[in-house]
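Note sheet for the following structure.
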Amino acid sequence: MFILLLTQGESYHIYQTSYCEITSQRATKMSETVEQILEKYIPKDKLANVRLALFGPSPRPLDIAWEDANFEIKGWQMINRATFEEFRAPRLVRVGLIQHSIVSPTTEYIEKQRNAIQNKLRSYIVQAAQYNVNILCLQEAWPMPFAFCTREKYPWCEFAEDANTGSSTEFLSQLAKKYNMVIISPILERDSSDGDTLWNTCVVINTDGTVLGKHRKNHIPRVGDFNESTYYMEGNTGHPVFDTPFGRIAINICYGRHHPLNWLMFGLNGAEIVFNPCATIDGLSEHLWPIEARCAAVANSYYTCAINRVGTEVFENEFTSGDKKPAHHDFGHFYGSSYITAPDGTRTPGLSRHKDGLMVGELDLNMCRQVKDIWGFRMTQRLDMYAKELTEYVSKQNAKRN
């Protein structure tokens, strides 16, 4: 139970409520996705045209849909059915995206919070394996509450772990090896070889359970309650692309989705699928969410997979955003809505705004080259011209500063 102490004038009022009650109240503000609202209110004879205009040609559903009050599974086939190649067989790969809420209240011991999340995720990963997922991506900072809004160093820094030997990597390595799966694990990393520096990091675990590599978040937000620079700075790993048994993948962590050049570099380095694990709330970014990863897929001729957290996470001590609004105990509602976009701009419906979920996408990586051939974006992007002008611009800005 939380004891929330709220001030009103000179008096104090104590309210006792549970974590689940607060989370439920927040989630009910808007429980339906845009797709669900369209399906409810647009006449059926018009709905297909509306979906075509908004989302592109409808992907084919895979026969794996399942749902209860707290968890859903959706599956889609994202291939180019209009193009047939004689010399290349389809390069089919199944990706899985998991969005989830935390389990224990944020006042519980750190180990109990982490173990509860791992226990829940184990069952979800088993589900993904049953549906033959090859590459699985979890949400940003999946083993912990998104406590970076609080600015409190402890207890939250205790969630930080070594990328190679930490609890999350050991837990997921066993599952990756057991199910012959590549797993992308976004964690709070503690780099003890570099003075115990903290990073927002995605660890890529290969099918044999070994760590294939890692990528550290390139862009750190400084808006509202996103006080992440209190904990870690911009990453130093550039734009790596990981050559897995199933395809060439990259990870654009959360806030990096607002930066087109960040998406661009992963494409230039050869990515065929770019995962975008996030933690973002309603009232701030939801109008941007459906379009940013989708625009990146179109501009760079690769698949994008956007994953967001779910739920409202309540903290014992109140905090402020520096915006003259009252102090508060929660960050806001993480609205889920994870989705996949193909290189031609076709996108799936999103997962639920308030339920945990697994999305399975069957992709044909040949589509990346097919779209490059059809649209010619790579051939016509004039990198030399922009490189020259960017160099001149940066030089002028540096001269002004000096």
Side-chain angles (χ1 to χ4, degrees), residues 33-36 38-39 42 44-66 72-97 128 130-137 182 244-250 263 266-267 270-276 290-307 337-351 357-380:
T33 64
V34 171
E35 296 91 336
Q36 290 169 330
L38 291 174
E39 189 167 343
I42 300 295
K44 287 186 178 181
D45 61 334
K46 305 290 186 184
L47 184 59
N49 288 334
V50 171
R51 282 177 169 167
L52 180 64
L54 291 177
F55 306 123
S58 296
R60 285 182 178 171
L62 296 171
D63 188 23
I64 60 174
W66 185 86
E72 67 175 356
I73 303 174
K74 304 290 184 183
W76 304 94
Q77 187 183 62
M78 306 287 288
I79 65 175
N80 184 358
R81 297 191 292 272
T83 300
F84 171 77
E85 294 190 53
E86 293 186 38
F87 296 116
R88 291 197 305 172
R91 296 175 58 215
L92 298 181
V93 58
R94 282 201 174 188
V95 300
L97 321 179
Q130 290 176 350
Y131 293 118
N132 301 313
V133 165
N134 305 120
I135 307 172
L136 181 70
C137 187
V182 172
T244 78
F246 307 110
R248 296 187 298 277
I249 67 171
W263 292 106
F266 292 119
E272 297 170 306
I273 311 169
V274 179
F275 294 89
N276 181 217
I291 60 175
E292 288 179 307
R294 187 181 183 193
C295 288
V298 173
N300 298 288
S301 303
Y302 51 46
Y303 287 92
T304 58
C305 300
I307 309 102
S337 305
S338 304
Y339 69 96
I340 301 172
T341 305
D344 65 351
T346 299
R347 58 150 289 185
T348 69
L351 287 175
L358 165 67
M359 176 169 286
V360 178
E362 185 171 88
L363 322 179
D364 180 5
L365 299 186
N366 284 353
M367 192 176 179
C368 299
R369 192 170 81 179
Q370 292 166 4
V371 170
K372 289 176 185 175
D373 289 346
I374 292 168
W375 282 97
F377 292 148
R378 177 64 66 87
M379 290 190 296
T380 59

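As a basis for the values below, the full set of heavy atoms in this structure was taken, side chains included, without hydrogen atoms, waters or symmetry mates.
A salt bridge links Glu35 to Arg347: one of the charged nitrogens lies within less than 4.0 Å of a carboxylate oxygen. Salt-bridge check for Arg91 with Glu85: failed, with every basic side-chain N at 4.0 Å or more from each acidic carboxylate O.
Side-chain contact between Met359 and Trp76: present, with at least one pair of heavy atoms (C-beta onward) separated by less than 4.5 Å. Considering only heavy atoms from C-beta on, Tyr131 comes within 4.5 Å of Ile73 through its side chain. The shortest side-chain heavy-atom distance between Pro349 and Thr33 does not fall under the 4.5 Å cut-off.
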For Ile273 and Val93: C-alpha separation, side-chain torsions, deciding distance, then whether side-chain contact (heavy atoms from CB on, under 4.5 Å) applies. CA-CA 10 Å; Ile273 311 169; Val93 58; 4.2 Å; yes
Please test Thr244 against Ile135 for side-chain contact (heavy atoms from CB on, under 4.5 Å), starting from the C-alpha separation and ending with a verdict.
CA-CA 9 Å; Thr244 78; Ile135 307 172; 4.2 Å; yes
Q.
If you apply the rule side-chain contact (heavy atoms from CB on, under 4.5 Å), what do you find for Leu351 with Leu97, and how did you get there?
A. CA-CA 10 Å; Leu351 287 175; Leu97 321 179; 5.6 Å; no
Worked verdict on Val95 versus Phe275 for side-chain contact (heavy atoms from CB on, under 4.5 Å): CA-CA 10 Å; Val95 300; Phe275 294 89; 3.9 Å; yes
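Here the CG-CD distance, from Asp344 to Gln370, works out to 9.5 Å after rounding to the nearest 0.5 Å. To the nearest 0.5 Å, atoms CG (Leu363) and CD1 (Ile79) are separated by 10.0 Å. Put simply, CE on Met367 and CD on Glu272 are 13.5 Å apart, with the number rounded to the nearest 0.5 Å. For the atom pair Thr83 OG1 and Asp364 CG, the distance stands at 10.0 Å (nearest 0.5 Å). With values rounded to the nearest 0.5 angstrom, Ser337 atom OG is found 12.5 Å from Ile307 atom CD1.
In this structure a side-chain-to-backbone donor-acceptor pair under 3.5 Å is present from Tyr339 to Pro290. Tyr303 places a side-chain N or O within donor-acceptor distance of the main-chain N or O of Met78, the cut-off being under 3.5 Å. Without hydrogens or angle criteria, Arg94 side chain to Gly361 main chain gives no donor-acceptor distance under 3.5 Å. The closest donor-acceptor contact from the side chain of Asn80 to the backbone of Ala82 lies under 3.5 Å. Of the possible polar contacts, one joining the Thr304 side chain to the Ala293 backbone as a donor-acceptor pair under 3.5 Å is found. At least one donor-acceptor pair under 3.5 Å links the side chain of Asn366 to the backbone N or O of Ala89. When atom types are taken as modelled, the side chain of Thr348 and the backbone of Ile340 share a donor-acceptor pair closer than 3.5 angstrom. Thr380 contributes a side-chain N or O that, together with a main-chain N or O of Gly376, makes up a donor-acceptor pair within less than 3.5 Å.
Scanning all heavy atoms of the two residues, the minimum distance from Pro245 to Val182 falls at CD-CG2, 4.2 Å. When every heavy atom of Leu365 is checked against every heavy atom of Gly247, the shortest pair comes out as CD1-CA, 3.8 Å. Looking at every heavy atom in both residues, Ala128 comes nearest to Leu136 through CB-CD1, 4.1 Å. Looking at every heavy atom in both residues, Val133 comes nearest to Gly96 through CG1-N, 3.5 Å. When all heavy atoms are compared, the tightest approach of Phe266 to Tyr302 is C-CE2, 4.4 Å. In terms of heavy-atom proximity, Ser301 sits nearest to Phe377 at OG-CD1, 4.5 Å.
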Considering only distance and modelled atom types, tabulate donor-acceptor pairs under 3.5 Å from the side chains of residues 45-65, sequence neighbours left out.
| from | atom 1 | to | atom 2 | distance (Å) |
| --- | --- | --- | --- | --- |
| Arg51 | NH2 | Glu39 | OE1 | 3.2 |

